[in-house]
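Here is the structure we will look at, set down as C-alpha cells.
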Amino acid sequence: MQPRLIVHGGAWDIPDEHVDDHVAGVHKAVKTVAPLLEQGMSALEAVEKAVNVLEEDPTFDAGRGAFLNAEGGIELDAMIMDGSTLDFGCIAAMRNLLNPVSVARKVMDSPDFRFLVGEGAMRFAREHGFSELPFEELLTERELSFYNKIRNNPEFNQIGAFSGKTPSDTVGAVALDEQGNLACATSTGGTPRKHPGRVGDSPVIGSGGYADNDTAAASSTGYGETIMRVVLCKTACDLTPQNGPMDAAAQSINILKQKGRGYGGLIMIAPDGRYGFAHNTPRMAFAYADGEDVVAKICS
Ligand code: GLY
C-alpha cells in the first residue's frame with residue numbers, strides 16, 4: 001500500500017498576513033513525517049509525530065500558541081485513534097504541556113482507561129515522564145494581545161470566532177501506512193476565552209477524529225459545540241464507502257451546516273488511499289503527501 005499523510009492547521013478566515021505561516025507550518029509537518037511513513041513507520045506513530053510538529057509551531061492553536069481561556073490560562077485537549085483496532089486515547093483540560101497528543105497516545109496503552117481530564121491527566125503525564133513547561137513557554141505575544149482585546153468585550157462570541165475573522169487553528173493529521181492501517185490525531189487549545197474546564201470536540205472520538213480501517217479516517221477543526229452535534233468525523237467516515245472521501249467530506253460539512261448550524265472543516269483518507277477535505281469556513285490550511293511532493297495550501 002502506498003502510504004498517505006494529510007494534516008490540517010485549522011479552518012477559519014486566515015487573513016492574508018497569516019497565510020504564509022499557516023502554509024509553512026502544515027508543509028513542515030508533512031515534509032517531516034511523510035518520508036518516515038515511506039520507510040515503514042506505522043500510521044499511528046505518523047499522526048502523533050505530525051501533530052507534534054504542529055503543536056510545537058506557535059502559528060497554531062495547539063500546544064505552543066494556544067488560545068487563552070477566560071481566566072487567561074491555557075487548557076489543551078487531544079485525541080489519537082488507531083483504525084486497525086478502533087482503540088483510542090484522549091485527554092482534556094491539561095496545562096503546561098507542549099505535546100498533549102503524546103499524552104493521549106500514552107493513555108491509549110493503559111489497561112484501565114482511555115480518556116483522562118484535568119488534574120488526573122496531569123498526574124498521569126507526570127507519572128509517565130512528560131515534562132511540564134512554564135506557562136510562558138506556551139504563551140505567545142499574539143495570543144496575549146488577542147486575549148487582552150476580547151477578555152471584557154461583550155460583543156465577542158464563540159461561534160463568531162469560526163465564521164469570521166477570529167482565529168481557530170486546531171491541528172490534526174490522518175495517515176495510511178504501508179500495511180493498510182489508518183489512524184488519526186487531533187490537538188487543540190480550544191476556543192478563545194473559553195470557560196475554564198470547557199472541552200470541545202477535538203478529544204471526543206467520532207467528533208474531533210475517527211479512524212476505522214473498514215471505512216475511513218478523519219480529523220476535524222471548527223466550532224466544537226456544533227461539531228459534536230453531528231459527530232462530524234464518524235459521520236464522514238460512515239459516508240465514505242458509498243460516496244468516496246471527497247464527497248463524504250463535502251456531505252458531512254453540509255450536515256454540519258444544515259443540522260449542526262456550525263462551522264468547520266475536516267481532512268480524510270479512505271482505505272484505498274484517496275484523500276478528502278472540505279470546510280465551510282472562509283479558509284482552511286492543509287497539506288498532504290503526493291508521492292515525493294508535498295502539496296500545502298489554504299483552500300477558500
Ligand atoms: N475544535 C476545537 C474546539 O472547539 O475546541
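Just follow the structure's listing: the first ligand is 1, and inside any ligand the first atom is 1. Since the model is a prediction, treat every value here as computed from it, not as a measurement.
- Ligand 1 is never approached by Lys194 to a heavy-atom distance shorter than 4.0 Å.
- Numbered from 1 in the order shown, with element, the atoms of ligand 1 that lie under 4.0 Å from a heavy atom of Ser202 read 1 (N), 2 (C).
- Here the side chains of Tyr210 and Leu86 are in contact, with some heavy-atom distance below 4.5 Å.
- At under 3.5 Å, a nitrogen or oxygen of Asp201, whether backbone or side chain, sits near a nitrogen or oxygen of ligand 1.
- For ligand 1, the atoms lying closer than 4.0 Å to a non-hydrogen atom of Thr170 are 1 (N), 2 (C).
- For ligand 1, the polar-atom distance check against Thr221 finds no nitrogen or oxygen pair separated by under 3.5 Å.
- Polar contact check, Gly200 against ligand 1: no nitrogen or oxygen pair lies under 3.5 Å apart.
- Salt-bridge annotation for Arg198 and Glu225: present, with a side-chain N of the basic residue lying under 4.0 Å from a carboxylate O of the acidic one.
- Which parts of ligand 1 touch Gly222 is read off a 4.0 Å heavy-atom cut-off, strictly below it: atoms 1 (N), 2 (C), 3 (C), 4 (O).
- Heavy-atom contacts of Gly190 reach the following atoms of ligand 1: 5 (O) (cutoff under 4.0 Å).
- Note: His18 and His22 have perpendicular aromatic rings, judged against thresholds of 30 and 60 degrees for the angle between ring planes.
- A salt bridge links Arg283 with Asp16: the distance from a Lys NZ or Arg NE/NH1/NH2 to an Asp or Glu carboxylate oxygen falls below 4.0 Å.
- Using a 4.0 Å cut-off between heavy atoms, Met228 makes no contact with ligand 1 at all.
- Between Phe124 and Phe113, the ring planes are perpendicular. Angles over 60° get that label, and only those under 30° would be called parallel.
- Across all their heavy atoms, Ala34 and Ala289 have their closest contact at CB-CB, 3.9 Å.
- Remark: Arg64 does not engage Glu55 in a salt bridge, criterion side-chain N to carboxylate O under 4.0 Å.
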